2 protein chains.
Amino acid sequence: MAGRMPIKPDTSCSSCRVRELCLSVGLKPADAARLSEIIPQRLKIKKNAALFHAGEPFRSLYAVRHGCFKTTISSEAGRGQLTGFQMPGELLGIDAISRNRYACDAVALEDSEVCPIHFAQLERLSRELPSLQHNLNRTLSQEVVRDHEMLLSLGNLNAEERLAAFFLDLSRRMECRGYSPNAFVLRMTREDIGSYLGLRLETICRAIAFLRSNDIVKVSGRAVEILDPPRLKALLAGKTDDHIARRAI
Amino acid sequence: MAGRMPIKPDTSCSSCRVRELCLSVGLKPADAARLSEIIPQRLKIKKNAALFHAGEPFRSLYAVRHGCFKTTISSEAGRGQLTGFQMPGELLGIDAISRNRYACDAVALEDSEVCPIHFAQLERLSRELPSLQHNLNRTLSQEVVRDHEMLLSLGNLNAEERLAAFFLDLSRRMECRGYSPNAFVLRMTREDIGSYLGLRLETICRAIAFLRSNDIVKVSGRAVEILDPPRLKALLAGKTDDHIARRAI
DNA sequence: CGTTGGTTTGACTTCGATCAACCAGTGTGG
DNA sequence: CCACACTGGTTGATCGAAGTCAAACCAACG
């Protein structure tokens with residue numbers, strides 16, 4: 001359990017910075033307070049430590065309070081796939097509900113903090129609070145929508161388009177959390193991005209080089225700056241943009 | 001609404017052939033009866049007719065009673081992705097919960113029948129019936145798990161492996177429904193399979209030809225017979241099977 | 001410092017996309 | 001009844017995007 005330590009029981013949803021992104025969204029203060037009650041203590045997870053592993057028995061969902069996680073699954077054949085990056089307000093462990101065991105590994109990409117939500121208690125409480133119940137259903141459905149969008153990416157887009165979609169997704173999520181949508185720091189390696197997008201890390205590097213050489217983004221190390229959001233979106237929309245040079249001459 | 005017609009109100013979950021695969025699984029007879037109550041009438045959908053379209057307002061989930069559906073999403077750029085095939089007992093429309101609009105098109109692959117489940121009523125009822133509530137949560141989570149497995153396929157497997165995984169998935173689902181796992185009829189075209197697996201239809205044909213030439217499956221038209229289940233599984237497990245000939249000489 | 005993990009770039013290979021031709025059913029209208 | 005168009009499936013030839021292998025680079029850090 002190295003890297004997993006409980007912290008002081010100060011977990012009020014109503015005062016949480018990400019309350020408008022989490023299960024508590026739209027809840028009346030009294031209801032949010034009841035949700036807080038079933039979250040006895042937050043948990044700190046150190047960078048590179050696992051919050052849970054695939055196969056472990058399922059007890060709780062975890063809401064990311066701050067920091068960032070990645071979730072990965074792997075096949076018997078040893079192939080691995082990164083299934084998502086979770087930012088504050090997002091839930092970890094929803095793929096565990098169906099079989100009562102976590103289906104993926106969840107690893108912190110930086111020192112992070114989560115709110116454990118005992119699932120049986122959450123189900124019980126959401127029988128009393130219709131809006132909590134609906135929030136949970138909406139969150140699960142939202143994950144399905146996100147996954148289908150990823151399937152569309154992997155099935156239809158080339159490397160540069162996938163990377164553009166990835167940057168735009170991060171951009172949107174940063175904006176939702178009150179940060180600049182056009183300048184942010186990546187929490188993950190090129191290899192992680194590659195695994196997520198179904199590409200090799202070298203291909204990610206080359207796709208970044210391509211975007212950079214067209215002055216669409218500025219990337220140095222993990223720092224990303226989106227210089228030309230419209231062109232980045234146009235790339236995705238499949239518009240053959242004449243201003244984009246495949247190779248600088 | 002051509003192709004959509006209501007039929008006589010004989011919708012008892014407790015006597016349904018797929019009750020053990022649907023939301024009604026494990027419900028006490030009295031509870032199953034209450035679930036039936038919120039399903040006033042079944043709906044027949046003709047082959048190639050749409051049950052719903054992306055963007056339409058969400059009212060109901062639909063449980064497939066018999067037949068088969070495909071769901072597809074498409075991007076602004078006109079790219080399309082097939083996100084799933086739904087067989088009896090499976091739910092259509094769960095990606096609509098999050099935004100109150102259907103996120104995909106659902107099209108019948110053969111003359112089919114569905115049970116519309118008004119979602120607001122389902123939520124209300126599941127507040128009273130914990131096991132129904134849990135079934136719904138498990139079903140949503142199960143869809144997430146399925147989608148993550150598809151991401152693993154698209155991100156890591158080559159054409160033959162994806163097709164093998166696809167056949168094995170169909171095989172398992174046929175078996176769950178009481179049919180032979182080793183002989184079944186495809187309801188979809190090669191193009192549909194290709195869209196689902198992120199490949200072109202020609203590649204599907206070639207992958208089929210490959211499996212056929214190794215006597216792993218017998219495929220003529222839509223009829224599939226799995227001749228050698230262990231070799232089909234071994235293919236997926238990534239074991240370099242010396243008995244598999246890449247090209248017949 | 002030297003080690004290490006992560007990133008970048010180059011050269012070459014390969015798998016699947018693309019384009020094209022052709023075939024088998026199947027339904028339609030003359 | 002036949003001619004035909006049409007849809008879906010198969011196979012071949014060619015090409016290109018991404019994978020693979022390799023080398024070098026860089027920043028962080030003990």
Side-chain angles (χ1 to χ4, degrees), chain A residues 47-48 70 79-82 107 109-111 153-166 185-213 217-224 235 238 240 244-248, chain B residues 46-48 70 79-82 107 109-110 153-166 185-213 217-224 235 238 240 244 246-249:
Chain A
K47 179 170 176 173
N48 292 327
K70 65 175 173 183
R79 253 80 76 104
Q81 176 71 26
L82 207 156
V107 171
L109 294 176
E110 59 184 316
D111 290 0
S153 276
L154 299 208
N156 292 278
L157 305 185
N158 66 26
E160 285 116 19
E161 291 165 337
R162 289 185 214 183
L163 186 67
F166 177 66
V185 174
L186 299 173
R187 252 69 241 212
M188 69 294 288
T189 66
R190 306 287 193 256
E191 190 170 13
D192 284 338
I193 300 174
S195 172
Y196 185 52
L197 299 179
L199 299 166
R200 300 286 113 187
L201 70 128
E202 296 95 325
T203 307
I204 300 298
C205 281
R206 283 184 244 269
I208 289 175
F210 165 75
L211 291 181
R212 188 167 25 215
S213 72
V217 299
K218 209 177 115 188
V219 182
S220 53
R222 303 269 177 105
V224 175
L235 201 61
T240 346
I244 290 184
R246 211 89 218 152
R247 56 200 74 234
Chain B
K46 282 237 165 287
K47 179 170 176 173
N48 293 326
K70 64 175 174 183
R79 254 80 75 104
Q81 176 71 26
L82 207 156
V107 171
L109 294 176
E110 58 184 316
S153 275
L154 298 208
N156 292 276
L157 305 185
N158 66 27
E160 285 117 19
E161 291 166 336
R162 289 185 213 182
L163 185 67
F166 176 67
V185 174
L186 300 173
R187 251 69 240 212
M188 69 294 288
T189 66
R190 305 288 193 256
E191 190 169 13
D192 285 338
I193 300 174
S195 172
Y196 184 53
L197 299 179
L199 299 166
R200 300 284 113 188
L201 70 129
E202 295 95 325
T203 306
I204 300 298
C205 280
R206 284 185 244 270
I208 289 175
F210 165 74
L211 291 180
R212 188 166 24 214
S213 72
V217 298
K218 209 178 114 188
V219 181
S220 52
R222 304 270 177 106
V224 175
L235 201 62
T240 347
I244 291 184
R246 210 88 218 150
R247 54 201 75 235
I249 308 171

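Quick caveat, the model's predicted, so the values are computed rather than measured. Order of the sequence lines fixes the chain letters, A, B, ..., with proteins taken first and strands second; residue numbering starts at 1 for each chain.
Counting only heavy atoms from C-beta outward, the side chains of A:Glu161 and B:Arg79 approach each other to under 4.5 Å.
Nearest nucleotide to the side chain of B:Cys205, out of D:dT10, C:dT9, C:dA17: D:dT10. Among the nucleotides D:dA18, C:dT7, C:dG16, the one closest to the side chain of B:Thr203 is C:dG16. Among the nucleotides C:dG10, D:dG8, D:dG19, the one closest to the side chain of B:Arg222 is D:dG8. Considering only side-chain atoms of A:Asn158, the nucleotide from D:dG12, D:dA18, C:dT9 that sits closest is D:dA18. Closest to the side chain of A:Arg212, out of D:dG9, C:dG6, C:dT9, is C:dT9. Residue B:Arg190 places its side chain closer to D:dT10 than to any other of C:dG16, C:dT9, D:dT10.
Per the geometry, CZ belonging to B:Phe210 stands 20 Å off C1' belonging to D:dG9, to the nearest Å. Rounded to whole Å, atom C1' of C:dA17 lies 13 Å from atom CD1 of B:Ile204. When the P atom of C:dT14 is taken as reference, atom CG of A:Leu199 falls 20 Å away, rounded to whole Å. C:dC15 atom P lies 18 Å from atom CG of B:Leu154, rounded to whole Å. Straight-line distance from the CZ atom of A:Arg200 to the P atom of D:dT20: 5 Å, rounded to whole Å. The distance between atom CD1 of A:Ile208 and atom P of C:dG6, rounded to the nearest whole Å, is 15 Å. Atom-to-atom, CG of A:Leu157 to P of D:dA17 comes out at 15 Å; the value is rounded to the nearest Å. At whole-Å resolution of the value, CG in B:Leu201 and P in C:dA21 are 17 Å apart.
Under a 3.5 Å cut-off, the side chain of A:Ser195 and the backbone N or O of A:Asp192 do not form any donor-acceptor pair. In this structure, B:Asn156 contributes its side chain and A:Gly198 its backbone to no donor-acceptor pair below 3.5 Å. In terms of modelled atom types and a separation under 3.5 Å, the side chain of B:Arg162 and the main chain of B:Leu157 share a donor-acceptor contact.
Residue A:Gly198 is in sugar-phosphate contact alone, with no base atom involved, counting any heavy-atom pair closer than 4.0 Å across all strands shown.
Between B:Lys47 and B:Glu110 there is no salt bridge, since none of the side-chain N atoms of the basic residue sits less than 4.0 Å from a carboxylate O of the acidic one.
Between the side chain of A:Glu202 and the base of D:dC21, a donor-acceptor pair under 3.5 Å is found. Judged by distance alone with a 3.5 Å cut-off, no donor-acceptor contact links the side chain of A:Arg206 to the base of D:dG19.
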